[in-house]
A.B. asks: 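Please find one structure pasted underneath; my questions will follow.
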Amino acid sequence: MTFFKWAALGVIVLMTTAVASAQQKFPLQSGEWQATVSVPGPNGKPSVLLYCLNDETWDRALIHNPACSTQKLNITSGGASYVMDCQHGSVQSRGTVTITFDGKQHMITKDSIDTITNGQTTNKAYSVDYRWKGPACNPNTDMNLKFKQAQ
């Protein structure tokens with residue numbers, strides 16, 4: 001994936017964490033989650049990433065990305081929606097995110113992100129399918145734990 005696709009994916013995941021953090025507790029099963037991104041990777045197949053999702057990693061993800069803000073946050077028992085705005089140097093990302101909770105071990109995000117670089121706006125629609133893998137998080141493969149180590 002190009003830098004901008006990875007940046008957008010990171011924004012999606014971090015903004016998803018903002019919704020759950022606003023609830024003070026992760027609303028689904030804690031542990032390792034597999035996220036399958038609808039945007040094909042360099043090999044033409046969807047990208048699959050692992051995330052540790054629990055109360056602590058939701059909060060940590062919010063602290064990790066101070067360049068983003070969330071507006072119009074609406075949380076229900078079946079999901080959430082919000083508008084996000086991020087500034088990363090000269091690149092600005094704005095978009096809407098809708099999350100559907102399907103039980104305690106599955107959620108789907110649908111996002112429409114406008115990325116503005118040097119006055120040029122591009123829009124990408126993303127969908128990420130999150131599935132619970134188990135209660136233990138592997139720090140060698142987990143993206144939330146890697147983000148923390150990189151700080």
A.B. asks: For the residue pair Ala125 and Ser38, what are the closest heavy atoms and their distance?
C.D. replies: O-OG, 4.4 Å

A.B. asks: Enter the distance from Leu53:CG to Ser30:OG here, rounded to the nearest 0.5 Å.
C.D. replies: 8.5 Å

A.B. asks: Heavy-atom distance under 4.5 Å between the side chains of Cys68 and Asp85, does that happen here?
C.D. replies: no

A.B. asks: Around atom CD of Gln120, are there more than 12 heavy atoms from other residues, nucleotides or ligands closer than 6.0 Å?
C.D. replies: no

A.B. asks: Atom CZ of Arg131 and atom CD of Gln34: how far apart are they, to the nearest 0.5 Å?
C.D. replies: 9.0 Å

A.B. asks: Between CG of Leu50 and SG of Cys137, what distance do you get to the nearest 0.5 Å?
C.D. replies: 9.5 Å

A.B. asks: For Gln92 and Arg94, indicate whether the former's side chain and the latter's backbone hold a donor-acceptor pair under 3.5 Å.
C.D. replies: no

A.B. asks: In chain order, what residues pass the salt bridge (charged side-chain N to carboxylate O under 4.0 Å, His left out) check against Asp102, with sequence neighbours excluded?
C.D. replies: none

A.B. asks: Is any side-chain heavy atom of Thr96 closer than 4.5 Å to one of Tyr82?
C.D. replies: no

A.B. asks: Can you tell me how far the CD atom of Gln87 sits from the OG atom of Ser69, to the nearest 0.5 Å?
C.D. replies: 10.5 Å

A.B. asks: Nearest 0.5 Å, what's the OG1-CD1 distance between Thr121 and Ile116?
C.D. replies: 4.5 Å

A.B. asks: Over all heavy atoms of both residues, which pair between Met84 and Ser93 is shortest? Give the atoms and the distance, please.
C.D. replies: SD-O, 3.9 Å

A.B. asks: Passes side-chain contact (heavy atoms from CB on, under 4.5 Å), Ser112 versus Asn123? Steps please.
C.D. replies: CA-CA 7 Å; Ser112 177; Asn123 179 275; 3.1 Å; yes

A.B. asks: Give, for atom CH2 of Trp33 and atom NE2 of His106, the distance between the pair rounded to the nearest 0.5 Å.
C.D. replies: 8.0 Å

A.B. asks: Any sub-3.5 Å donor-acceptor pair from Asp111's side-chain atoms to Ile113's backbone N or O?
C.D. replies: no

A.B. asks: Quick one: list whatever passes side chain to side chain contact (heavy atoms under 4.5 Å, CB included) with Thr122, sequence neighbours left out.
C.D. replies: Thr115

A.B. asks: Would Ile108 and Leu28 show up in the same hydrophobic cluster when neighbours are defined by side-chain heavy atoms closer than 4.5 Å?
C.D. replies: no

A.B. asks: Is it true that a side-chain atom of Glu32 and a backbone atom of Asn138 form a donor plus acceptor pair closer than 3.5 Å?
C.D. replies: yes

